[in-house]
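Not measured: the values here are computed from a predicted model. What's counted below: heavy atoms across the whole structure, side chains too, no hydrogens, waters or symmetry copies.
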Amino acid sequence: MKTTFLATAFAALGLAAHAADLGGAHLMVGSDTTYPPMETVDPATGQIVGFDVDIVNAICERINCTAEFVTTAWDGIFGALQQGEFDLVASGVSITDERKQTMDFTEPYLVVSQAVLMQVEDEGMTIDDIKASGRKLAAQTATTNADLAEELVGRDNVALYDTFVGAVVALQNGDVAGVIIDGTSAAAYEKEFAGDLIIGITGLQADPLGLVFRKGDENVAAFNEGLAAIQADGTLDALVAKYWSN
């Protein structure tokens with residue numbers, strides 16, 4: 001992973017000498033599993049895998065819990081959390097002031113810069129070029145990526161899709177000029193479609209990512225302790241290197 005797209009945010013985390021103990025609790029975790037490398041379904045095994053899965057499992061090892069991931073569509077994921085369908089959300093969720101009004105977040109475990117994925121033949125195209133051409137930027141609905149797309153090119157020039165996979169397919173078909181996406185996942189798509197897609201614009205808005213709980217959930221404190229523990233013992237750095245080593 002190129003460092004321009006990825007930064008880790010650990011300054012806010014204290015070092016936990018003794019992490020909390022959740023007594024072996026089995027926690028259900030909602031996740032939109034269409035967003036590699038954060039979370040996706042392994043076609044060979046049918047298992048949900050990815051960076052967020054590894055992060056939650058590593059934290060659970062420190063605070064004595066187990067996690068079961070449940071594939072959930074993004075557009076209903078927070079409502080399902082509020083209704084108690086699962087205990088937390090781990091799905092590359094950006095921490096925003098608006099979301100904090102109705103949900104609680106852990107401390108950030110990663111900070112990602114947003115980028116624009118585009119076709120190789122359009123390499124060098126700028127946001128101004130996109131606006132001048134009248135072509136659209138694609139993003140997943142109800143994400144900070146969609147908010148940034150609207151800010152950059154105006155709502156009329158934004159095409160929204162239920163999943164990032166749909167947005168990427170639209171890009172491959174030439175229906176849009178680019179896809180605004182977190183740089184971490186943009187790199188995964190660039191690798192998967194090498195020679196066809198490329199990260200064309202970088203250095204956009206940076207978002208801290210956190211695990212999401214219902215308002216007032218006491219498990220937030222325990223997960224923060226577990227997060228501090230995997231930072232302190234090097235596990236978090238090792239996972240970042242696993243998924244985004246240069």
Discussion item. Tell me if a side-chain donor or acceptor on T106 pairs with a main-chain N or O of G210 at a distance below 3.5 Å.
Written reply: no
Worksheet item: Do D207 and I95 have side chains that get closer than 4.5 Å, going by heavy atoms?
Response: no
Practice prompt. Compute whether any side-chain donor of one residue and acceptor of the other, for T184 and D182, lie under 3.5 angstrom apart.
Written response: no
Worksheet item: Is any side-chain heavy atom of L160 less than 4.5 Å from a side-chain heavy atom of R155?
Response: yes
Practice prompt. May I ask you to test the V176-L137 pair for a side-chain heavy-atom distance under 4.5 Å?
Written response: no
Item to complete: Of all the heavy-atom pairs spanning L209 and G92, show the shortest one and how long it is.
Response: CD2-O, 3.7 Å
Worksheet item: Is the side chain of Y243 donor-acceptor paired with the backbone N or O of G50 at a distance under 3.5 Å, no angle test?
Response: yes
Worksheet item: Are F105 and V29 connected, step by step, through hydrophobic side chains (Ile, Leu, Val, Met, Phe, Trp, Tyr) whose heavy atoms are closer than 4.5 Å?
Response: no
Discussion item. Under a 4.0 Å threshold between the charged nitrogen and the carboxylate oxygen, would R62 count as salt-bridged to D233?
Written reply: yes
Worksheet item: With a 4.0 Å cut-off, would you call K242 and D54 a salt bridge?
Response: yes
Worksheet item: Checking E107 side chain against N224 main chain: does a donor-acceptor pair fall under 3.5 Å?
Response: no
Worksheet item: Atom OG1 of T163 and atom CH2 of W74: how far apart are they, to the nearest 0.5 Å?
Response: 12.5 Å
Worksheet item: Is the shortest heavy-atom distance from the side chain of I130 to the side chain of K136 under 4.5 Å?
Response: no
Worksheet item: At what distance, to the nearest 0.5 angstrom, does NZ of K100 lie from CD of E98?
Response: 12.5 Å
Item to complete: Mind listing the closest non-hydrogen atom pair of F86 and T72 along with its distance?
Response: CE2-OG1, 3.4 Å
Worksheet item: Is there a donor-acceptor pair closer than 3.5 Å between any side-chain N or O of D129 and the backbone N or O of T126?
Response: yes
Worksheet entry | D42 side-chain N/O to Q47 backbone N/O, donor-acceptor pair under 3.5 Å | no
Response to the item:
Rounded to the nearest 0.5 angstrom, the CG-CG distance for L22 and N219 is 5.0 Å
Item to complete: Specify whether Y189 and F193 have parallel, tilted or perpendicular ring planes, treating 30° as the upper limit for parallel and 60° as the lower limit for perpendicular.
Response: parallel
Discussion item. The test is side-chain contact (heavy atoms from CB on, under 4.5 Å); show your working for Y109 and D52 and say whether it passes.
Written reply: CA-CA 10 Å; Y109 61 90; D52 282 335; 2.6 Å; yes
Discussion item. Other residues, nucleotides and ligands only: do more than 12 of their heavy atoms fall within 6.0 Å of CD on E85?
Written reply: yes
Item to complete: Flag yes if V70 and V41 sit in one hydrophobic cluster, no otherwise; membership is Ile, Leu, Val, Met, Phe, Trp, Tyr, and two members link when side-chain heavy atoms are under 4.5 Å apart.
Response: no
Item to complete: Would you indicate whether the side-chain heavy atoms of V169 and Y161 approach each other to under 4.5 Å?
Response: no
Item to complete: Check whether V93 and M28 end up in the same hydrophobic cluster, where Ile, Leu, Val, Met, Phe, Trp and Tyr are linked by side-chain heavy atoms less than 4.5 Å apart.
Response: yes
Worksheet item: Going by heavy atoms in the side chains, are V120 and D122 under 4.5 Å from each other?
Response: no
Worksheet item: Looking at K215 and M103, what are the two nearest heavy atoms and their distance?
Response: NZ-O, 3.6 Å
Worksheet item: Looking at A206 and V111, what are the two nearest heavy atoms and their distance?
Response: CB-CG1, 4.0 Å
Discussion item. Nearest 0.5 angstrom please: L236 CG to Q231 CD, how far?
Written reply: 7.0 Å
Worksheet, complete the sentence: Interatomic distance, CD@E61 vs OG1@T66, rounded to 0.5 Å, equals 11.5 Å
Fill in: Reference residue M118; test side chain to side chain contact (heavy atoms under 4.5 Å, CB included); the match among I201, V179, I199
I201
Worksheet item: So with a 6.0 Å cut-off around CG of N173, is the heavy-atom count from everything else above 12?
Response: yes
Discussion item. Is it the case that atom NZ in K191 sees more than 12 heavy atoms from other parts of the structure closer than 6.0 Å?
Written reply: no
Fill in: same_hphob_cluster(I77, M38) at 4.5 Å side-chain heavy-atom cutoff
no
Worksheet item: What heavy-atom pair brings T34 and V165 nearest, and what distance separates the two atoms?
Response: O-CG2, 3.8 Å
Item to complete: Give a yes or no on whether the backbone of L171 and the side-chain of Q119 come within a donor-acceptor separation of less than 3.5 Å.
Response: yes
Practice prompt. Identify the two heavy atoms, one from A177 and one from R135, that lie closest to each other, and give their separation to 0.1 Å.
Written response: CA-NH2, 3.5 Å
Worksheet item: CG of L197 to CD of E190: how many Å apart, nearest 0.5 Å?
Response: 8.5 Å
Worksheet entry | Q140 side chain vs D162 backbone, donor-acceptor pair below 3.5 Å | yes
Practice prompt. Return yes if a side-chain donor-acceptor contact under 3.5 Å exists between Q114 and N145, otherwise no.
Written response: yes
Worksheet item: Under 6.0 Å from the CD atom of E121, do we count more than 12 heavy atoms belonging to anything else shown?
Response: yes
Item to complete: Check whether any side-chain heavy atom of V56 sits under 4.5 Å from a side-chain heavy atom of F69, and report yes or no.
Response: yes
Discussion item. Looking only at the aromatic ring of each residue, does the gap between the centers of F213 and F223 stay below 6.0 angstrom?
Written reply: yes
Worksheet item: Without hydrogens or angle criteria, can the side chains of T33 and T71 be said to hold a donor-acceptor pair below 3.5 Å?
Response: yes
Worksheet item: Does the side chain of S91 pick up a donor-acceptor pair with the side chain of D32 at under 3.5 Å?
Response: no
Fill in: Min side-chain heavy-atom separation I55-I230 under 4.5 Å
yes
Worksheet entry | Single-linkage hydrophobic cluster, 4.5 Å side-chain cutoff, V220 and V89 together | no
Worksheet item: For the ring pair W244 and F51, is the centre-to-centre distance below 6.0 Å?
Response: yes
Worksheet item: Is the shortest side-chain N to carboxylate O distance from D104 to R99 below 4.0 Å?
Response: no
